[in-house]
Amino acid sequence: MLNVVIIGASGYAGAELALLVHKHPELNLKGLYVSAGSQDANKPFSALHPQCLGLVDLPVKPLDDAGMQEAKTGTDLICLATAHEVSMNLAPQFLTAGIPVFDLSGAFRVQQDGFYDKYYGFTHDQPEWLSKAVYGLAEWNAEQIKQTDLVAVAGCYPTASLLALKPLMAAGLIKADTTPIINAVSGVSGAGRKAAIGTSFCEVSLNPYGVFNHRHQPEISYHLGGKVVFQPHLGNFVRGILATIYVQLADGVTEEQVNAAYQQAYSNSPIVRLSKQWPSIRGVAGTPFCDLHWQMQDGLLIVGSAIDNLLKGASSQALQCINLRFGFEPTLGLM
Ligand SMILES: NC(=O)C1=CN([C@@H]2O[C@H](COP(=O)(O)OP(=O)(O)OC[C@H]3O[C@@H](n4cnc5c(N)ncnc54)[C@H](OP(=O)(O)O)[C@@H]3O)[C@@H](O)[C@H]2O)C=CC1
Ligand SMILES: CC(=O)N[C@@H](CCC(=O)OP(=O)(O)O)C(=O)O
C-alpha cells in the first residue's frame with residue numbers, strides 16, 4: 001500500500017480525491033491537510049463532507065511546521081488540491097524530499113514565458129520544476145506520466161476540450177488557418193468551496209465569463225498545438241462541464257476519417273466513451289468518464305464533450321495519473 005497525503009482536502013476537488021483514495025485497493029489515505037490558519041483545522045473530514053461519515057473520519061490537520069514535517073514523513077505521494085500559488089510554493093518542498101507530487105492546480109501546466117504573469121497574476125518562481133512537470137492528461141501523456149515526479153493534472157475545461165480536439169489534430173483533420181471554437185458550461189463547484197457572490201447558487205443562472213481572457217484558452221492552445229477560441233459559461237447546477245466544439249474540417253475529410261480518428265485515440269481508453277448520443281451533464285456527473293459525440297455537415301464538425309469537473313476534470317484524472325505513475329491498472333479504483 002502507498003501512503004497518500006492530500007493537501008487542500010476540505011475543498012471540493014480534494015474531498016473527491018480523498019474518497020477515491022480511500023476506496024483504492026493499493027492506496028492508504030495517510031493524512032489530510034488544510035492551511036495553517038484554516039477555520040476547519042482539526043475538524044473531522046466527515047464533518048465537512050458528511051457523505052463520507054464512517055468512511056473518511058480523519059481530521060483535516062493544519063499545515064503548520066509540525067504538519068509539514070508530518071506530511072513528509074512516511075509518505076509515498078502527495079496530492080495538492082490547493083490554489084495555484086499555494087501549489088507553486090508547496091510542490092518543491094515535497095519534491096526536494098523525494099516525494100512525487102500530483103498537483104491539481106494550474107501552477108505547473110504551461111511552460112511558456114510570461115504565461116503566469118499574464119494569466120495567473122503572479123510570477124512563477126519555480127522555473128526548474130515547471131520545466132520538469134508533465135501535463136496530466138492521462139489518455140495522451142501516459143508514457144511521460146510514468147516517468148515523472150511532478151504531474152500537473154490537466155484543467156477541467158482543458159480536459160473536456162483537449163479530449164475532443166486532440167484526435168482531430170493528431171490525424172490532421174482540422175482545416176489549416178481555421179480556429180476551433182469551444183463553447184463550454186460549468187457547474188458552480190468549478191469555482192471551489194469558498195463563498196463568493198458571483199458563484200453563490202442563488203445568484204447564478206447562466207452567463208458567459210472570462211471573455212477573451214480565461215486562463216484555460218492558452219492552456220488548451222498550448223497542449224493542442226493550435227489556436228482555439230474558448231468561451232466558458234457558468235450554469236446553475238453543481239457539477240459537470242458540457243463543451244460544444246465547432247471545427248472546420250480540412251477539404252475532403254470524410255465522416256469515416258473522423259470516426260477513425262476517435263476510434264484510434266480511444267478504443268483502448270475506457271474512461272473516454274464514444275457515445276452514440278449527444279453527451280449530457282447527467283450522463284457524466286459523479287463518474288470518471290468523458291463522453292464524446294460528434295456530427296458533421298458541409299465540412300463543419302460539431303463535437304460534444306462532457307465530464308464531471310471534480311472527477312475527470314480534477315480528482316479522478318489525478319488518480320488515473322497516480323495509477324500510471326505507480327504501475328497500477330490505469331482505471332484501478334475508478335470503474
Ligand atoms: N473545482 C474544480 O472543479 C476544479 C479545481 N481544480 C483546481 O484544484 C485546486 C483546488 O480547487 P477547489 O477544490 O475547487 O478549491 P477549494 O477552494 O474548494 O479548496 C481549496 C483547499 O485548499 C485549502 N488551502 C487553502 N490555502 C491553503 C494553504 N496555504 N495550505 C494548505 N491548504 C490550503 C483550503 O482549505 P482552507 O482554506 O480552509 O485552508 C481547501 O481545503 C485549485 O487549484 C483548482 O484550480 C482543478 C480542476 C477542477
Ligand atoms: C466555474 C469556474 O469558476 N470554474 C473555474 C475553473 C475550474 C478550476 O478550478 O480551474 P482549473 O481546472 O484550472 O484548476 C474558472 O473558470 O476559473
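We number each residue from 1, following the sequence as shown. One-based numbering, in listed order, for ligands and for the atoms of each.
- Protein heavy atom in closest approach to atom 10 (C) of ligand 1: A81 O, 3.3 Å.
- Contact annotation: for S189 versus ligand 1, heavy atoms closer than 4.0 Å belong to the backbone alone.
- Among K312, Q317, H216, the one residue that satisfies the side chain to side chain donor-acceptor pair (under 3.5 Å) test with T159 is Q317.
- For F201, the CZ atom counts as densely surrounded, since its 6.0 Å shell holds more than 12 non-hydrogen atoms of other residues, nucleotides or ligands.
- Residue contacts with ligand 2: H214 is placed with a nitrogen or oxygen under 3.5 Å of a nitrogen or oxygen of the ligand (distance criterion only).
- With a 4.0 Å cut-off on non-hydrogen atoms, A83 touches ligand 1 through its backbone and not its side chain.
- Of the protein's non-hydrogen atoms, S10 OG, 4.0 Å is the one closest to atom 34 (C) of ligand 1.
- Close contacts between ligand 2 and G187 involve ligand atoms 1 (C) [criterion: under 4.0 Å to a heavy atom].
- Under 4.0 angstrom from ligand 1, the non-hydrogen atoms of I7 all belong to its side chain.
- For ligand 1, the atoms sitting less than 4.0 Å from at least one non-hydrogen atom of R193 are 16 (P), 17 (O), 18 (O), numbered in the order shown with element in parentheses.
- Contacts of A9 with ligand 1, taken as heavy-atom pairs under 4.0 Å, involve the backbone alone.
- Looking at ligand 2, you won't find any N or O of S105 less than 3.5 Å from one of its N or O atoms.
- Atom numbering of ligand 2 starts at 1 in the shown order; those under 4.0 Å from a heavy atom of L234 are 1 (C).
- Of the listed residues (G11, G106, G192, C79), the one carrying the non-hydrogen atom nearest atom 19 (O) of ligand 1 is G11.
- Listed by atom number, the atoms of ligand 1 under 4.0 Å from A314 heavy atoms are 47 (C), 48 (C).
- A heavy-atom separation below 4.0 Å is found between G313 and ligand 1.
- Comparing heavy-atom distances from atom 46 (C) of ligand 1 across L104, T82, V188 singles out L104 as nearest.
- Of the heavy atoms in Q317, none comes closer than 4.0 Å to ligand 2.
- Closest to atom 45 (O) of ligand 1 by heavy atom, among R239, Q317, K194, H84, is H84.
- Closest to atom 23 (C) of ligand 1 among all protein heavy atoms lies G8 CA, 3.7 Å.
- Applying the 4.0 Å criterion to heavy atoms of Y209 picks out, from ligand 2, the atoms 1 (C), 2 (C), 3 (O), 4 (N), 15 (C), 16 (O).
- Residue A13 places at least one N or O, backbone or side chain, under 3.5 Å from an N or O of ligand 1.
- Rounded to the nearest 0.5 angstrom, L301 CG and L249 CG are separated by 5.0 Å.
- Using the six-membered ring where Trp is involved, Y120 and F122 have ring planes that are perpendicular, over 60° apart on the 30 and 60° scheme.
- Counting heavy atoms closer than 4.0 Å to ligand 1, residue V86 contributes side-chain atoms (C-beta onward) but none from N, CA, C or O.
- Against a heavy-atom cut-off of under 4.0 Å, G155 is close to the following atoms of ligand 2: 12 (O).
- Residue contacts with ligand 2, taken as heavy atom pairs separated by less than 4.0 Å, involve S186 solely via side-chain atoms from C-beta onward.
- With respect to atom 25 (C) of ligand 1, the closest heavy atom belonging to the protein is S35 CB, 4.4 Å.
- Heavy-atom contacts of L310 reach the following atoms of ligand 1: 1 (N), 2 (C), 3 (O) (cutoff under 4.0 Å).
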Legend entry - Step-by-step ring pair (Phe, Tyr, Trp, His ring centres under 6.0 Å) determination, Y157 to H214: CA-CA 10 Å; Y157 288 118; H214 196 283; 5.8 Å; yes
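- Residue-ligand proximity: Y12 is placed with a non-hydrogen atom under 4.0 Å from ligand 1.
- For ligand 1, the atoms sitting less than 4.0 Å from at least one non-hydrogen atom of S38 are 36 (P), 38 (O), 39 (O), numbered in the order shown with element in parentheses.
- In the vicinity of H216, heavy-atom distances shorter than 4.0 Å reach the ligand 2 atoms 6 (C), 10 (O), 11 (P), 12 (O), 13 (O).
- Among the atoms of Y120, none of the N or O lies under 3.5 angstrom from an N or O of ligand 2.
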